[in-house]
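Here's the structure we're looking at; comments come further down.
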Amino acid sequence: MTPQTADALNSEFAIPGVLRAESGPGGLTVLRVTNALAEATVALHGAHVLSYTPAGATDLLWLSRMSHFAPGQPIRGGIPICWPWFGAHPSESGFPNHGFARLLPWTLLAAEGEPDGPTHLVLELRDSDATRAWWPAAFSLTLALTVGAELRLELMMLNAGRSPVSITAALHTYFHVGDIGSTRVIGLDGCPYLDTVGGANRRHTQSGDVTFTREVDRIYQDASPAVTIEAPALNRRIHVAKAGSRSTVVWNPWIAKAARMPDFGDDEYRDMLCVETANARDDRVTLAPGASHVTAQILTLR
Ligand code: BG6
């Protein structure tokens, strides 16, 4: 499918002073949103939110200086959409990690907003020859995005085919935390989790806040609907609320894994933390023909 060009997007969707499409990093088409409440940048590639800056603040999101920005490649940072499988494909080792939604151009369907209020965007990915090569199902995946005093993402997955489908997914948000050593995640005390560092699946129960002194890669199961990231180095607390998701993934690669990833700077693990609104492992979404499910994430600077 041919991606929409910035010119075509501007002639149909531009909102003076609020929304413009332009050529962004690597020549990828991006949507620049500016209103009285916040600014954001969204790539059509993956419907990927690259930045979100509430008025008077700095970017809540983290983006690697080493990221690829190219068709068919994942972007390292911002908010990747992992869909229709989270992590490795269950049987095909050659298929892309975290599915294909983050590798393909999406289509902007609608945009509205006034300069002094929130801006609403709707982007869509439908099945195509490219997606059917990895996953035979017919689907519509839409991201409804609201850029305002909070950032709201609502990912709606619709089974447009004639057989049931089973999906795992994540809104894989990378937060800018400044200093991982002093960062904590509040709200998961008592929650069971799978520790997946090194490909293992060790079962534990969280005790107190989540803190970081080494690689952390955990799937919290039946996780509370909201957590708070406390990042004292940036003097900030970010409230991460969610719906339609029972799993919360917390990930920081630490030193060795950062060094192994070509699109991740060796020292960048210090600056970032992923807290992901997920449907992972047993928390699968099964959709009958015609059925849909919404997984939502709402970010608020406190
Ligand atoms: C996280 C996983 O969600 O994503 C990690 O829990 C993984 O195990 C990370 O390393 C990044 O994945 P990718 O495919 O973007 O390198």
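Order of listing sets the numbers, starting from 1, for every ligand and every atom in it.
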(message) Going by the rule side-chain hydrogen bond (donor to acceptor under 3.5 Å, both in side chains), which residues pair with Thr58 if we only count those two or more places apart in sequence or in a different chain?
(response)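 Per chain and number, Thr58 pairs via side-chain hydrogen bond (donor to acceptor under 3.5 Å, both in side chains) with Arg236.
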(request) Check each protein residue for a heavy atom under 4.0 Å from ligand 1 and list those that pass, ordered by chain and number. (result)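 Shell around ligand 1 (4.0 Å, heavy atoms): Arg76, Phe86, Asn97, His98, Arg102, His172, Asp217, Val249, Trp251, Lys257, Glu276.
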(request) To the nearest 0.5 Å, tell me how far Leu273 CG sits from Thr183 OG1. (result)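 The OG1 atom of Thr183 is 6.5 Å from CG of Leu273, to the nearest 0.5 Å.
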(message) Under the side chain to side chain contact (heavy atoms under 4.5 Å, CB included) test against Val275, which residue among Thr248, Val249, Thr173, Val177 passes?
(response)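 So, applying the side chain to side chain contact (heavy atoms under 4.5 Å, CB included) to Val275 and each of Thr248, Val249, Thr173, Val177, only Thr248 qualifies.
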(request) Taking the side chain as every heavy atom from C-beta outward, state whether Cys274 and Trp62 have any atom pair closer than 4.5 Å. (result)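 The answer is no, as the side chains (C-beta and beyond) never meet within the 4.5 Å cut-off.
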(request) Check for a donor-acceptor pair, side chain of Asn35 on one end and backbone N or O of Pro118 on the other, with a separation under 3.5 Å. (result)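 No, Asn35 side chain to Pro118 backbone: no donor-acceptor pair under 3.5 Å.
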(request) Anything under 30° is parallel, anything over 60° is perpendicular, the rest tilted; go ahead and classify Tyr193 against Tyr220. (result)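 Ring orientation of Tyr193 relative to Tyr220: tilted.
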